[in-house]
Protein chains: 2
Amino acid sequence: MRLSRYFLPILKENPKEAEIVSHRLMLRAGMVRQHSQGIYSWLPLGKRVLDKVNRIIREEQDRSGAVELLMPTMQSADLWMESGRYEAYGKEMLRITDRQDRAMLFGPTNEEMITEIFRSYIKSYKHLPLNLYHIQWKFRDEIRPRFGTMRSREFMMKDAYSFDLTLEGAEHSYRKMFAAYLRTFDRLGLRAIPMRADTGPIGGNLSHEFIILAETGESEVFCHRDFVNFDIPPADLDFDSVDALKGIFDKWTSLYAATDEMHDAAAFDALPEGERLSARGIEVGHIFYFGTKYSEPMGAKVQGPDGKEHPVHMGSYGIGPTRLVPAIIEASHDENGIIWPDSVAPFDAVIINMKAGDAACDGVCEKLYEALQNAGLDVLYDDTDERAGGKFATADLIGVPSQVVVGPRGVANGEVELKDRKTGAREAMTVEAAIAKLTNGR
Amino acid sequence: MRLSRYFLPILKENPKEAEIVSHRLMLRAGMVRQHSQGIYSWLPLGKRVLDKVNRIIREEQDRSGAVELLMPTMQSADLWMESGRYEAYGKEMLRITDRQDRAMLFGPTNEEMITEIFRSYIKSYKHLPLNLYHIQWKFRDEIRPRFGTMRSREFMMKDAYSFDLTLEGAEHSYRKMFAAYLRTFDRLGLRAIPMRADTGPIGGNLSHEFIILAETGESEVFCHRDFVNFDIPPADLDFDSVDALKGIFDKWTSLYAATDEMHDAAAFDALPEGERLSARGIEVGHIFYFGTKYSEPMGAKVQGPDGKEHPVHMGSYGIGPTRLVPAIIEASHDENGIIWPDSVAPFDAVIINMKAGDAACDGVCEKLYEALQNAGLDVLYDDTDERAGGKFATADLIGVPSQVVVGPRGVANGEVELKDRKTGAREAMTVEAAIAKLTNGR
């Protein structure tokens, strides 16, 4: 992408409405724009990151055997009356009346709708287990939306719903998502720690929050230090293996880990001091097992091997992509801007032309641009006539992992400079060497 | 994907609510489910097709130089008061009041919002031309939604918005989209013909609808027969070339083409009989140039080279992916079901195991499944214990281009049967030959 043809509205000033660093950096880097309280556009740079986050979420859901569909944003109030949540949900639910005077709502979550889909088609245990997920916009009319897209009213959620004949089956389904989440957050460059959680309005009796550690996190968390080095389940994990998944689950729940809310100071203090980790955290995922809470009132039953009808055991599993993007920034930034993990960087490399219009610089830049793109890299080429200092600042702010600096002096010697955004390390090398280094392994 | 682990709720009966063939086939093939009037879930098979349609739309938008962002579904009424459309839009606009009693709406289109984004950041003609697009859910509260997702209330739209300093620039931007649309529909396996159109509530003085020819189309259209064989702009078209785009535009607008609404019977009848084509059509895209209709009242101005401020010239360009899917089916089906064009088929191939549980058949199927997946094909493997006849009917219904039939008799001779969904042609060959044929060119 040539920057001269892109839409990257960088802000020079620190926006004063932003209270936390991720919100400030997302506004400054031209990633999002607020329209109404808690309602945002994702500008091109932000959209790219969001897409990459979603791709990883999707790949790990698919790997675990979950199947993607796409439910609508608008739901009928009738559905929520069946489950009994229509009144209970309160003012956070955005209630809407259509032109036929039907009571509708903008879905804040989809337990009812997916249960309705399930009961319409699935009648036998032979089609179980089943896990259906979608990535769709949700709306929760929070009284105080804040922190940018970290806590917005219109937000994107990946929500998965599992269906099983038995409690044992449901526990296995729960552990599949548990393992998939560990892999997902790891691939996003985050260290997430599962912590026992309250079930809140979703209900149920088994629930874990996934909390990532970030210096500027919203809440205090307490856990055993060993979590930081626990191995992540491998890509070839057999999700059908009950034992393998139980092993992962048992290990990751064997040590102390609690949010402020669930904290047991006595238990934590009983740990040797060197094993205690108290830190700031951000919730990035939440999984629930709630048995027959929805299937019972809504009549989602299957015939079991015994020939009788049984309400299915269900769980739900949420990750908020539009929340994850700022969470990643909270976990990875410095005073100059964002430092994207490679897996979600909006561009893999940025080419900085220090003297656009100079034939030699332009020629080298074009050569780099073409070679890197041909190798499958997402490349931003800063071909604008801004001064070099501004270009460096922008490149650092938007956090692209690799910068290739092309200036007249270097070009005269046949060289460009490669800068690593994370370490700040700079290295001069030939154009060919730079291409080889950046495309290594592609 | 193993069918035993997929969610493909095939209906055996013809759903009586479906008036048109695409709606009937989408319900029968388990692609969509209606929740409320004109509000649908996209079930896994439908979601796959929708994703492939969106990918092609996106690639052609990007190729033409448009830049993707993502605006929210919820908009503030204030924005629409600025343009004067809040009252004018009428009952099709879904009006919503949030918990703070603010007047909101579920966006039916985004001219106002994109103009607001533009005016917030772009102050100079130097950043023009610019074309911003997104693919997002829209809501139009039609009084009579029908024909499944062909005319639904909640629907997906790709809407692009162009910004130019001058009329001439805007015309070039319009022609870029014109060419991109020709390429898009062609890649979707459709023959689309641009026809002059009314501008309706969007406004403006230049507008084309893209109509595809389909025997079961909703309306009558009239055009010169030569359109059927016109060349599509090539992938390497230079979208910066004013002359090249004008050439394409002039050619594709040189001959008679009109919807029923705009039809001039006298002009059409003046054509020699052999050149007249009257057919059924479906509108799948609509593009508009509307000048300063929004930029003027909303104050979207840029400084020109003359140092003065000028309201920008704008256009908007829409394609409805959730409408395109049924349109493709209307254009391509037979009595047994859907016939997907390769480019949007939910799976490239389906492996039909005629005797699941038979070691020899299972072995051949697994070998095929692995080899085809490794070659990058999307493969559905029917490993269920349904009878063969049911499997054949399902494979035909869901319209996967290639079927690989694996039965005990063939396997005993080291052979499988390859069936082409479109032509019905069957051919026996070795497993290796089948793999080679299906992965040819991958």
Side-chain angles (χ1 to χ4, degrees), chain A residues 1 4-7 9 30 33 35-37 39-48 50-51 65 67-76 78-79 91-92 94-100 102 104 106 113-114 116-117 120-122 126-127 129-130 132 134 136-137 139 141-143 152-154, chain B residues 1 4-7 9 30 33 35-37 39-48 50-51 65 67-76 78-79 91-92 94-100 102 104 106 113-114 116-117 120-122 126-127 129-130 132 134 136-137 139 141-143 152-154:
Chain A
M1 179 61 67
S4 63
R5 295 172 167 232
Y6 200 48
F7 179 56
R33 173 174 181 77
H35 293 285
S36 309
Q37 243 205 336
I39 299 179
Y40 288 83
S41 274
W42 286 75
L43 302 179
L45 194 77
K47 174 66 166 53
R48 277 182 169 260
L50 189 59
D51 284 348
V67 175
E68 188 174 10
L69 45 59
L70 183 50
M71 290 177 269
T73 64
M74 293 288 289
Q75 304 186 17
S76 158
D78 293 345
L79 209 52
K91 290 204 164 199
E92 275 199 13
L94 188 67
R95 292 153 208 265
I96 300 169
T97 306
D98 74 5
R99 73 186 292 176
Q100 314 279 14
R102 280 172 297 219
M104 311 287 297
F106 197 128
M113 188 173 268
I114 200 76
E116 199 276 326
I117 290 174
S120 305
Y121 299 112
I122 307 274
K126 289 181 186 163
H127 293 105
L130 185 65
L132 298 172
H134 74 158
Q136 177 61 293
W137 294 100
F139 201 95
D141 203 355
E142 303 220 14
I143 189 116
S152 52
R153 295 198 293 165
E154 181 169 334
Chain B
M1 179 60 68
S4 63
R5 295 172 166 232
Y6 200 47
F7 179 56
R33 173 174 182 77
H35 293 285
S36 310
Q37 243 204 336
I39 299 179
Y40 288 83
S41 274
W42 287 75
L43 302 179
L45 194 76
K47 174 65 166 53
R48 278 183 169 258
L50 190 59
D51 284 348
V67 175
E68 188 174 8
L69 45 59
L70 184 49
M71 290 176 269
T73 65
M74 293 287 289
Q75 303 186 19
S76 158
D78 293 345
L79 209 50
K91 291 204 164 196
E92 276 198 12
L94 189 67
R95 292 153 207 265
I96 301 169
T97 306
D98 75 4
R99 73 187 292 177
Q100 314 278 13
R102 281 173 295 219
M104 310 287 295
F106 196 127
M113 188 173 269
I114 199 76
E116 199 277 325
I117 290 173
S120 305
Y121 299 111
I122 307 274
K126 289 181 186 163
H127 292 105
L130 185 64
L132 298 172
H134 74 158
Q136 178 60 294
W137 295 99
F139 201 96
D141 202 357
E142 302 220 15
I143 189 115
S152 53
R153 295 197 293 164
E154 182 168 334

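Order of the sequence lines sets the chain letters (A, B, ...), proteins ahead of strands, with each chain counted from 1. All heavy atoms count here, side chains included; hydrogens, waters and symmetry mates do not.
Contacts with chain A were tallied for His127(B), Gln37(B), Lys126(B), Met1(B); Gln37(B) has the most, counting heavy-atom pairs under 4.5 Å. Ranking Thr73(B), Ile39(B), Leu50(B) against chain A, the residue ahead of the rest is Thr73(B), based on heavy-atom pairs under 4.5 Å. Between chain B and the residues Pro9(A), Pro72(A), Pro129(A), the largest count of heavy-atom pairs under 4.5 Å involves Pro72(A).
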Original post:
Between His35(A) and Ile117(B), does a side chain to side chain contact (heavy atoms under 4.5 Å, CB included) hold up when you go through it step by step?
Top reply: CA-CA 9 Å; His35(A) 293 285; Ile117(B) 290 173; 3.6 Å; yes
**OP:** Could you go through the side chain to side chain contact (heavy atoms under 4.5 Å, CB included) check for Leu94(A) and Arg99(B) one step at a time?
**Re:** CA-CA 8 Å; Leu94(A) 188 67; Arg99(B) 73 187 292 177; over 6 Å; no
**OP:** Evaluate the side chain to side chain contact (heavy atoms under 4.5 Å, CB included) criterion for residues Trp137(B) and Leu70(A): first the C-alpha distance (whole Å), next the side-chain angles of each, then the deciding distance (0.1 Å), finally the verdict.
**Re:** CA-CA 12 Å; Trp137(B) 295 99; Leu70(A) 183 50; 3.6 Å; yes
**OP:** Kindly indicate, with the supporting measurements, whether the criterion side chain to side chain contact (heavy atoms under 4.5 Å, CB included) is fulfilled by Val67(A) and Tyr6(B).
**Re:** CA-CA 7 Å; Val67(A) 175; Tyr6(B) 200 47; 3.8 Å; yes
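Atom CD of Gln75(A) and atom CD of Glu154(B) lie 9.5 Å apart (nearest 0.5 Å). The distance from the CG atom of Asp78(A) to the OG atom of Ser36(B) is 8.0 Å, given to the nearest 0.5 Å. To the nearest 0.5 Å, atom CZ of residue Arg102(B) and atom CG of residue Asp141(A) are 7.5 Å apart. Taken to the nearest 0.5 Å, the CZ atom of Phe106(B) stands 6.5 Å off from the CE atom of Met74(A). Taken to the nearest 0.5 Å, the CD1 atom of Ile96(A) stands 8.0 Å off from the CZ atom of Phe139(B).
Side-chain N or O atoms of Glu68(A) include none that pairs as donor or acceptor with a backbone N or O of Lys47(B) at under 3.5 Å.
The contact between Gln136(A) and chain B is made entirely by side chain atoms (from C-beta outward), counting heavy-atom distances below 4.5 Å. Heavy atoms closer than 4.5 Å to chain B are found in the side chain of Ile122(A), but not in its backbone. Heavy atoms of Thr97(A) lying under 4.5 Å from chain B belong exclusively to its backbone. Contact of Arg48(A) with chain B is not made at all, since no heavy-atom distance falls under 4.5 Å. Of the atoms belonging to Leu132(A), it is side-chain heavy atoms, and not backbone ones, that fall under 4.5 Å from chain B. The part of Leu130(A) that comes within reach of chain B is its side chain, from C-beta onward, which places non-hydrogen atoms under 4.5 angstrom from that chain.
Judged by distance alone, the side chains of Arg33(A) and Ser120(B) do bring a donor and an acceptor atom under 3.5 Å apart.
Ile143(A) and Gln100(B) get closest at one heavy-atom pair: O-NE2, 3.5 Å.
A perpendicular orientation is assigned to the rings of Tyr121(A) and Phe7(B), their planes being inclined by more than 60° (bins at 30° and 60°).
A 6.0 Å sphere centred on CZ of Arg5(A) holds no more than 12 heavy atoms belonging to other residues, nucleotides or ligands.
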